[in-house]
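To start, the structure under review is shown below, and the notes come after it.
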4 protein chains.
Amino acid sequence: MRALVYHGPGNKAWEDVPDPVLRDATDAIIGVTTTTICGTDLHILKGDVPEVADGRILGHEAVGIVEAVGDAVTTLRPGDRVLVSCISACGRCRYCREGRYGQCLGGGGWILGHLIDGTQAEYVRVPFADTSTYKLPASVSDEQAVMLADILPTSYEVGVLNGAVRPADVVAIVGAGPIGLAATLTARLYSPRHVVVIDTADSRLEMAKQFGADEVINPTTHDVEARIRALTDGLGADVAIEAVGLPETFELCTRLIRPCGRVANIGVHGKPAMLALDKLWAADVTITTGLVDTFSTPTLLQMVASGQLSTAAFATHHFALADMEQAYATFADAATTQALKVVLSK
Amino acid sequence: MRALVYHGPGNKAWEDVPDPVLRDATDAIIGVTTTTICGTDLHILKGDVPEVADGRILGHEAVGIVEAVGDAVTTLRPGDRVLVSCISACGRCRYCREGRYGQCLGGGGWILGHLIDGTQAEYVRVPFADTSTYKLPASVSDEQAVMLADILPTSYEVGVLNGAVRPADVVAIVGAGPIGLAATLTARLYSPRHVVVIDTADSRLEMAKQFGADEVINPTTHDVEARIRALTDGLGADVAIEAVGLPETFELCTRLIRPCGRVANIGVHGKPAMLALDKLWAADVTITTGLVDTFSTPTLLQMVASGQLSTAAFATHHFALADMEQAYATFADAATTQALKVVLSK
Amino acid sequence: MRALVYHGPGNKAWEDVPDPVLRDATDAIIGVTTTTICGTDLHILKGDVPEVADGRILGHEAVGIVEAVGDAVTTLRPGDRVLVSCISACGRCRYCREGRYGQCLGGGGWILGHLIDGTQAEYVRVPFADTSTYKLPASVSDEQAVMLADILPTSYEVGVLNGAVRPADVVAIVGAGPIGLAATLTARLYSPRHVVVIDTADSRLEMAKQFGADEVINPTTHDVEARIRALTDGLGADVAIEAVGLPETFELCTRLIRPCGRVANIGVHGKPAMLALDKLWAADVTITTGLVDTFSTPTLLQMVASGQLSTAAFATHHFALADMEQAYATFADAATTQALKVVLSK
Amino acid sequence: MRALVYHGPGNKAWEDVPDPVLRDATDAIIGVTTTTICGTDLHILKGDVPEVADGRILGHEAVGIVEAVGDAVTTLRPGDRVLVSCISACGRCRYCREGRYGQCLGGGGWILGHLIDGTQAEYVRVPFADTSTYKLPASVSDEQAVMLADILPTSYEVGVLNGAVRPADVVAIVGAGPIGLAATLTARLYSPRHVVVIDTADSRLEMAKQFGADEVINPTTHDVEARIRALTDGLGADVAIEAVGLPETFELCTRLIRPCGRVANIGVHGKPAMLALDKLWAADVTITTGLVDTFSTPTLLQMVASGQLSTAAFATHHFALADMEQAYATFADAATTQALKVVLSK
């Protein structure tokens, strides 16, 4: 088959590789019909994720058709159409028993396109298939479903649920990339009073309005802290969601929240940040971090199926699977192309 | 009357001052029968709390007898014996309505011995007396009750409850001063499996054993992280409680916890700390800060009355009220005197 | 002044009575500009609430202007425009400290128009005024605000929050009177997937659609249980809200919910119901009851002010305050008049 | 092999049956080393559980040694010593993903000794073995571990956790059979102030004291409601746990609790009860039911291993496995024999 193979920092190719085969009784082989590219894939290509080995097929998001299942797979059959989640779950370890699949101790967690071959390929072997895939109703399209592989559960669980957004809240979301926009969309499920999205790119801020931001602020030209205080009787935001991954954006979040507020970090960080405990020690703040667990995937899937959540605006560009390298180029140059998610289909 | 008056950094005196009088309809005047000294009072004397003005009577912990009440006070009468809490609560603002009295917006919060005259005196004016004092049953002595003015609710709310200690947890408590020891005592209420107390002073670690530590570690001679990992299948502590207030002790806490664990900061910090988001962003950790709200004071009082909580070991030294300066000297030199709490009685 | 006075079962009159005066330091006298009538007032008139004495002024919902305040009132001044809540809160007792004002032990709870004179009058004395009224922004009209005196917080707290409605839930609401309709409206704040309203009156079901019901069912002609099972893969509703107050409607709720579901009772019951523990003991169900606490009133008020909650459709009829008896007649004959809430204005 | 086989109401025999064999890839065959008898087994023998077919091997609690595992079993190997839980979990369905294994939709739940052959035998086939058994440390004996197969997690999850016992609570436990006594023991983990156990058998009340009851009451000679009110300033218990399964004991629980209290039903009921909604509708009570999920089994196992929980007092009688019928006779006549749990060992 053909697949997007990583060959060390800066190098990748859409090339011929052997078809995957069943290895464990809990495996399934999935024929990929739709996949996409994540910001994390770009990090891997920069060499930021050293545990990814030369020769690895990248990708951790897909929709596909079950081709074959191991003896232990009880809920899937060949021909089933499924979502392949970015998180695999052994379903047996302590963390999986608590629904914290992202922390799986039994061989799961984020493994696809990371520790084992991934989804940017014609076929993919998915371990623990019963607990790592989701059967799709006919009413949900591939393009809708692939947004549930990573960005929607990540922004919802790690941003909105960890941040405990509640009705009437003022929510500040720092970062208007795909994750920040998905947080904007899913925060709405809890009826906040005012969602403010903050980003340095005006084009992204325009998109944030489409995803439900009540207000957008470019911090290079406006005083974010003053504006949030003005909205909140001087107290600060109820919830601040970090969706960038830089020390300064995290630190901004901690300055934006009110006493008893919550900072939910979603961003992938490469450096430590400063935590102003001299200012925060008495402020009753809660700060959370997290990798997506995907426990919310069935819930989000129901809401996409019922029309409560519209994922349409994420899919800015479409490619054939074979045009993978062109898709990477488009996604990597988002500043020019305005790409959010590129959708690759068979 | 006589009171301990602050006269700028390094200066204080037990001196004559005018008796306090009722000012607002919600005030009470309390005749102090027992008071104590807090580590925060030492910070004030060092000049670390600049909003404390020259001439201020210090102290925010007391037991006493109601002398007089304003017209609006409905639950207290002269002669009632009450606990004066470190936190005053207007009972009307948004935060008070949510039980977050420490963040009171209506003139309360930590004001005694800080923004208004405090309890290290023969008499004290207590604002919002209905919602800032607690009537004491005869079965609870002054000495028992004064431990409920600050250290027990602080360690319980900001450490144990924010940390969400649960049965079978491994809990690491960093710092074995009065607050850390009170956290050790109150963490026991949730039946943790193993409480490890960490401090650089061996004498304090000995005390920690009396307060219920299963194990104590001196990090100057032992590898704390390795020991916690050994206790927890390599994962880390379920809960880490910071009870020192230094960047390095906070940072230690963030290294000690397991994925999905909680760091509860109680320490009063004068400097920012580093938050290793590069290591923690995917670890599902929760970090909390907080000023005590004293919502738990009635619960703790019941448990002292029923004998479930013993406060006896905190009271290491006893003085007459008039020996206030000597009591300060003893408390300030805890390394020599082994003082935890000094009890001053009329 | 003029007021609606109860004179024993079946008897009431809009008559001259003495003006109320300040009695306690925490009182306020409010000049009523808008009031309304509650189903509970009709119960009182039937003699169902025997603790209401002959001579009592009825009514527990109002908007008005502060005329005078007692010495202890700190947050209100004459001229302030306020919402008078159905629940008065002493703000000092154990339950008030936990935000459970409906259970106030200090002289509050539901007292207006019940144990003391109420709001269907030109003036009303409101005890504990600081903690029992809410200042209104100019952007919220009297008519909007009066819906926050009882029905909105009652349906939201006792129905939606006790029922713990969550995104993607299927919610069954039994009863389409004002409370059931307010539950329909406020359940939407948590983005349920499908809200089904059940009532025997088709006219009320029509109204339910306007308040946001996705589907309505008349159980006299349709099989409610079969329909709910069909919507939920045979499992049952996630949440069932009882908004009638009869044994059979409560019992229906317990048959409609899925394993691990929640039944939230709002209805005022005059008789016991059967609880089918033989069927429910292993079903992991949670059943809640409750009197409104009004802790959510500030939140709901913000959402009315921001336009997130529209209360317009509740106000079906308008009267002058002096036409109180006619308003009662209209409200009591809701089957004919289709009255939901009648609004009486000065 | 030999096993205890059910032959319709009133009939059972310890007889020869075929050895169980692996059927599904997720199965394990366990050689039983220790088992016990549950009150539910007596219900089955009375014919109260009609879905149990003639020929069924009874029993849903065991400790044993893994003999063989199916291809899909990844965490067990022959020779492993394991606890067999009363609840089997497919680990894949909606309820299992939420840790609600008792409600498993994928073929698990309570199936052993109910819908498939059980543990009162020399060998037992355990489906979904990875998620339905727990490996035992050498420090936990068979007799200790078998108490974790049902009564400890049942009383802890359905009684103590559903009841949300908190420090300083007054807890009323109605019923001093094995489940009520296990609730008494495990309620202690949350440091209640006063645990009152209520039963009509004085001998059981004596045992309750050993399990940690602060006070015991026989309702045939004492006024339970008056006593609970006296203990609680007239308010009622914070938590009432029903551990009998009769309408009158459930109804007693609803009379014993305070406003905002919780009734946690553990009892297996054969008839509906009356729910006094006319008294409870405004009382903010929460009533829960539940089948054990066993999500707490790993936690409880840690506490048995660490010595925090002592199960010794439950094992009142010991038998060889082959003396199964004698063990049944002893257990069924608990009024005479004072049996709590009978332990049968190979």
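- To the nearest 0.5 Å, atom CG of residue D/Leu291 and atom CH2 of residue C/Trp281 are 5.5 Å apart.
- Annotation: maximal heavy-atom pairing with chain D below 4.5 Å, among C/Val285, C/Thr286, C/Thr288, occurs at C/Val285.
- The minimum heavy-atom distance between C/Ala276 and D/Pro272, with the atom names listed, is CA-CB, 4.1 Å.
- The most heavy-atom pairs under 4.5 Å with chain C, out of D/Val292, D/Val268, D/Val158, come from D/Val268.
- Remark: D/Arg166 CZ is loosely packed, at most 12 non-hydrogen atoms of other residues, nucleotides or ligands lying under 6.0 Å away.
- The distance from atom CD of D/Glu251 to atom CG of C/Leu275, rounded to the nearest 0.5 Å, is 9.5 Å.
- Chosen from C/Arg262, C/Glu242, C/Lys271, the residue pairing most often with chain D at heavy-atom distances under 4.5 Å is C/Lys271.
- The contact between C/Asp293 and chain D is made entirely by side chain atoms (from C-beta outward), counting heavy-atom distances below 4.5 Å.
- In this structure, C/Ile287 CD1 and D/Leu277 CG are separated by 8.5 Å, a value rounded to the nearest 0.5 Å.
- Contacts with chain D (heavy atom to heavy atom, under 4.5 Å) involve these residues of residues 88-117 of chain C, listed by number: C/Arg94, C/Tyr95, C/Arg100, C/Gln103, C/Leu105.
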